[in-house]
*Asks:* 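Let me begin by handing over the structure; questions about it come next.
Just so it is clear: chains get the letters A, B, ... in the order the sequence lines come, proteins before strands, and each one is counted from 1.
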Amino acid sequence: MNWASNRRLIAILIVLLALAVPLSLLAGRVWIDPLAPETRNAAVIVLQLRLPRAMLALVVGAGLGGAGAAMQGYLRNPLADPGLFGIAPGAALGAVLSFWTGYAASAWLLPVFALAGAGGAMALLALIAGREAGVALFTMTGLMISSLAGSLTSLALSLSPNPFAMSEIVTWLMGALADRSWREVAVAAPLTLAGLAVLLATGRGLDALTLGETAARLLGFEPRRQQVLMIVGIGLTVGASVAVAGVIGFVGLMVPHLVRPLTDRRPGSLLVPSALAGALLVLVADAGCRVLPLAGGELRLGVALALIGAPFFLVLLLRMRRGLA
Amino acid sequence: MSTTLSTVGLSIRDRLDDLTLTIHGGEVTAICGPNGAGKSTLLTCLAGLQDPDIGIAALGTRVMHEIPARQRAQCIGYLPQSPEVAWDVTVEVLVGLGRLPWHDAATSQGAATIDAAIATMDLEALRKRPVSRLSGGERARALMARVLSTGPAWILADEPLANLDLGHAIALMRRLREQANHGRGVVLVLHDLATAMNYADRVIVLDRGRVVADGEPCHALSEAVIRQTWDCPARWLGEPGSRALALG
């Protein structure tokens with residue numbers, strides 16, 4: 001197998017990240033010139049504003065990229081997205097409820113509410129889909145949880161106590177990394193790393209699923225174990241990312257696609273490169289959002305990625321159609 | 001290596017009825033029967049994929065469902081009826097998936113086994129080719145090489161000749177024959193009675209979940225058995241080893 005070439009891809013991505021992180025620290029409304037360090041408050045800007053933001057971009061991107069790769073491998077479908085399990089909408093519902101109750105004022109509570117929402121979606125998923133291990137029923141359950149959480153979010157919005165709270169919710173739902181601090185990094189990083197570790201443990205099982213569910217079982221991979229690992233891994237990565245950054249779509253869909261042709265196309269060998277490439281994409285996109293001049297504040301990261309992602313998706317569908325024709 | 005695969009009083013509701021069979025390694029055993037006879041169900045029980053309602057399936061002296069999944073996977077290679085390959089991997093990577101139960105695809109020992117399986121199925125020239133660019137016959141060979149790369153004591157295949165033309169079907173049967181000569185047990189669900197007659201050491205004929213004939217092909221697939229089981233008058237033509245079935 002192409003183990004060596006996979007290692008090379010991972011090394012290239014790490015080098016790119018090592019270049020992109022310092023560059024992203026310099027970019028923003030105030031440009032910092034490393035050769036002329038007399039910029040006012042440069043140290044504060046870099047250490048208290050941009051470094052935590054960059055770290056958060058890496059954590060969220062890695063989580064979403066890795067989750068997307070695992071999800072596509074598990075469902076054996078290149079169009080699968082980590083949102084399909086209903087965990088992201090569940091976390092968003094939790095976060096919206098924290099706004100609605102006014103608790104979001106205490107900044108610790110929003111991530112806690114969001115994680116509780118993600119946990120609720122995970123528990124529901126395990127409960128309903130648990131006994132029957134088939135992937136189709138599992139996906140349907142996820143879709144139902146998605147639409148349930150989505151409609152409850154709409155309900156919370158329509159019952160919103162005041163217009164200010166409503167606009168705050170809507171803005172938050174768009175997903176962004178602006179004005180985050182080390183506190184969010186401390187919440188998201190351990191959960192995401194744990195989630196990625198769980199997803200990595202599914203690698204062999206995902207490889208076996210290439211041959212279908214029956215063949216995977218006969219290769220010694222129990223579907224029930226695989227399912228539990230997927231729920232925990234996707235729940236931790238996606239839940240953590242929604243808790244600190246809101247809903248950021250398309251990363252989990254796009255990144256595995258961009259990376260897959262560079263690997264040997266086994267789902268297991270895609271996990272690490274996809275996490276690294278996700279980190280890179282979110283970091284660069286977030287720095288881009290900061291730099292783009294936009295009247296009335298900066299472009300929201302979630303919006304920017306959807307603006308890149310949706311056309312990408314359409315091109316993908318066109319290419320697939322040509323492939324099938 | 002476990003030298004027998006057996007069932008005792010094995011029953012599955014509406015499918016199989018009290019089957020007691022012992023299948024031996026080093027032989028090609030064909031399971032034949034009309035549609036709905038329970039052929040595929042029997043094969044999934046022998047593979048440990050399905051637990052019987054009553055009775056047991058056993059690998060050697062061990063009850064199937066007590067064998068750890070990974071250990072069972074190292075011992076039994078199974079080719080499903082219409083095998084899928086979800087991602088467009090190369091032949092080499094596909095064959096390498098057979099090493100998953102051993103956790104050694106990246107080691108030299110694993111690589112050697114993969115190479116041997118590729119060589120056995122004459123796939124060297126196609127090693128780096130993506131699965132999507134293989135012909136039907138090449139794809140069937142690659143999937144069989146995946147089963148062989150596990151190095152299983154048993155090869156179980158459900159209709160391995162479906163979608164293969166005559167030449168490729170015969171070539172695949174010859175290779176399976178060789179595997180049996182090397183001591184592996186080969187168990188095949190076959191639709192084509194002439195193939196079973198010409199290549200199998202033993203034929204088990206099922207009808208509505210019961211064994212109606214079991215033994216050497218010329219006895220188990222006698223004209224009388226075929227007339228009774230398939231409800232179709234038939235006559236064997238030709239010499240032993242190259243028989244053909246004339247219907248009607």
*Asks:* Compare every heavy atom of R76(A) with every heavy atom of A86(B), then report the nearest pair and how far apart it is.
*Replies:* CB-CG, 3.5 Å

*Asks:* What residue in R146(B), H103(B), R72(B) has the most heavy-atom pairs under 4.5 Å with chain A?
*Replies:* H103(B)

*Asks:* Between the side chain of R217(A) and the main-chain N/O of L49(B), is any donor-acceptor distance below 3.5 Å?
*Replies:* yes

*Asks:* Is it the case that more than 12 heavy atoms not belonging to R225(A) sit under 6.0 Å from its CZ atom?
*Replies:* no

*Asks:* Any heavy-atom pair between the side chains of L211(A) and L94(B) that's under 4.5 Å?
*Replies:* yes

*Asks:* Could you go through the side-chain contact (heavy atoms from CB on, under 4.5 Å) check for W87(B) and R260(A) one step at a time?
*Replies:* CA-CA 10 Å; W87(B) 305 103; R260(A) 186 172 291 116; 3.5 Å; yes

*Asks:* So, for R266(A) and L97(B), which heavy atoms are closest and what is the spacing to 0.1 Å?
*Replies:* CD-CD2, 4.2 Å

*Asks:* Tell me, side chain or backbone of L79(B) under 4.5 Å from chain A's heavy atoms, or both, or neither?
*Replies:* neither

*Asks:* Could you tell me which portion of P101(B) (side chain, backbone, both or neither) has an atom closer than 4.5 angstrom to a non-hydrogen atom of chain A?
*Replies:* both

*Asks:* Can you confirm whether more than 12 heavy atoms, excluding those of R15(B), are under 6.0 Å from its CZ atom?
*Replies:* no

*Asks:* Return the OG1 to CG distance between T210(A) and D88(B), rounded to the nearest 0.5 Å.
*Replies:* 11.5 Å

*Asks:* Under 4.5 Å between any side-chain heavy atoms of D207(A) and L100(B), yes or no?
*Replies:* yes

*Asks:* Distance check, rounded to the nearest 0.5 Å: E84(B) atom CD versus E213(A) atom CD?
*Replies:* 8.0 Å

*Asks:* What heavy-atom pair brings A73(B) and G220(A) nearest, and what distance separates the two atoms?
*Replies:* CB-N, 3.5 Å

*Asks:* Verify the neighbour count for atom CZ of R208(B): are there more than 12 heavy atoms of other residues, nucleotides or ligands below 6.0 Å?
*Replies:* no

*Asks:* With a cut-off of 6.0 Å (strictly less than), are more than 12 heavy atoms of other residues, nucleotides or ligands near CD of Q109(B)?
*Replies:* no

*Asks:* Find the distance between CG (L219(A)) and OG1 (T150(B)) and round it off to the nearest 0.5 Å.
*Replies:* 6.0 Å

